[in-house]
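Here the structure is laid out as structure tokens; the discussion comes afterwards.
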Amino acid sequence: MYKQTLSELAKGLRSGAFSSQELTKIYLDRIKQHQSLNCFITITEEQALAQAKQADIRLAKGDATALTGIPLAQKDIFCTLGVKTTCGSKMLDNFIAPYNATVIDKFNAAGAVMLGKLNMDEFAMGSSNETSFYGAVQNPWDTTCVPGGSSGGSAAAMAAYLAAGATGTDTGGSIRQPAALCGITGLKPTYGRVSRYGMIAYASSLDQGGPMTRNAEDAAIMLQTMAGFDPKDSTSSEQTVPDYSAGLHNGLQGLKIGLPKEFFTADLNPDIAATIEAAVNEYKKLGAEVIEITLPHLKYAIPAYYIIAPAECSANLSRYDGVRYGYRCQNPVDLADLYTRSRGEAFGAEVKRRILIGTYALSAGYYDAYYLKAQKIRRLITEDFTQALTKVDVIMGPVTPSTAFAIGEKSGDPIQMYLSDIYTIAINLAGLPAMSIPAGFVQNKPVGLQIIGNYFSEAHLLNIAHRYQQVTDWHQRTPIGFE
Ligand code: GLN
């Protein structure tokens with residue numbers, strides 16, 4: 001049962017083929033059976049069973065939504081009332097959230113079940129899940145490899161069938177990159193589409209939550225619940241939310257696909273390049289037309305991101321001071337000692353590196369040279385995309401330059417790690433929506449195809465992804481040992 005898609009499970013629940021309590025128990029058992037993957041920071045067994053019981057009552061009454069009784073797992077970046085919310089950090093190891101993120105409230109209102117909180121890179125900073133205070137996560141396709149990050153727990157949990165759906169967040173690639181490395185479907189919505197309220201802030205102008213699922217059809221169902229205006233998030237969009245499932249089957253005749261020449265360089269593993277080419281050929285068979293495009297400022301995306309994101313994180317993380325909540329050092333001698341030791345003892349090395357870079361880039365003497373310059377580059381990159389999207393409907397390319405790498409392989413080399421997001425980061429700078437869908441394998445490890453659309457074109461992206469998933473079965477493959 002656990003291998004069914006979310007939409008199949010929803011049908012089974014409604015028809016009474018099985019109950020949410022049965023389904024929830026199956027997933028909870030599977031989570032325990034595969035605990036060595038280290039996907040979960042917290043398992044909320046009691047709460048899950050109580051929610052499943054409520055869902056069964058609601059299902060029996062016939063007022064169920066598509067998510068009623070569906071067991072989901074939440075990235076531990078979303079605040080969950082009464083449940084430990086760590087953001088992968090020692091700083092929040094003792095933090096029980098006093099309120100729910102809007103996304104969590106929405107899932108609760110829909111009657112979804114929460115199985116637990118998923119492992120992630122500390123404060124979502126990383127591309128391998130290795131910066132987590134709770135340890136690395138294993139990739140089910142090769143347990144010596146990383147699942148990607150920062151939503152590594154989410155992607156690995158989906159690949160190992162430990163939940164029917166999961167949430168992720170994407171600041172520079174953290175939904176799409178782990179989705180690609182674990183062979184699942186991930187959607188990073190347009191900036192402002194999904195509320196950030198109660199989603200612990202990393203870089204506020206880039207952060208965006210989204211679904212991580214088995215296929216596009218399931219992503220449409222989850223996004224339907226997650227999306228929408230939230231008065232509690234000042235950057236939330238008031239655009240009406242369309243029906244994401246309605247157009248899934250639309251034809252793709254005449255679809256114009258742009259392939260940026262900057263994506264297909266020597267930095268891209270040639271086998272991945274061939275996989276992407278094969279995927280694009282599938283689209284041609286479905287009636288699409290391919291056009292070469294250029295994104296001339298793409299090469300500046302990583303440097304610009306690694307000024308802007310640290311600058312924002314240095315401000316966002318200043319709230320963790322040992323005074324109000326989170327970790328507090330033992331026996332501080334004075335206030336300065338309390339601040340410095342609480343932060344020094346509870347933040348990991350990568351978080352500290354980013355706070356230092358961000359503080360430096362924002363300091364009076366360097367602001368113009370670094371931060372202001374990076375913001376100008378951000379504008380140029382955004383214009384590259386808006387320009388390209390006047391000529392084509394969507395842009396396609398790889399998600400990652402390589403497949404899943406070994407645990408430990410890049411953790412000592414931040415630059416190599418940062419390059420993992422070379423194809424995803426620019427999209428966050430522009431605020432555009434993008435998906436990663438399974439498109440093949442290289443040496444038995446999954447490869448993702450990236451599909452980038454114009455602002456608020458999520459329904460179209462889901463349609464494009466769904467059509468491909470109707471004619472391919474990459475998304476249905478199962479890692480050995482997780483059948
Ligand atoms: N790997 C990127 C970083 O470390 C992106 C992370 C993310 O999207 N949260 O910042």
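When a ligand or atom number is given, it counts from 1 through the structure's own listing order.
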Residues passing the salt bridge (Lys or Arg N to Asp or Glu O under 4.0 Å) test with K84, sequence neighbours excluded, are D93
Please walk me through it: do N119 and D76 pass side chain to side chain donor-acceptor pair (under 3.5 Å)?
CA-CA 6 Å; N119 205 341; D76 208 14; over 6 Å; no
Check: F78 ring centroid to F107 ring centroid under 6.0 Å
no
If the criterion is any heavy atom closer than 4.0 Å to an atom of ligand 1, which residues make the list?
A124, M125, G126, S127, S150, D170, T171, G172, G173, S174, Y202, Y305, Y306, R354, D421
Here's one to test your reading of the geometry: is the NZ or CZ of K117 within 45 degrees of the ring axis of F40 and under 6.0 Å from its centre?
no
NZ of K376: more than 12 outside heavy atoms within 6.0 angstrom?
no
Validation row, ring centre W141 to ring centre F441 under 6.0 Å:
yes
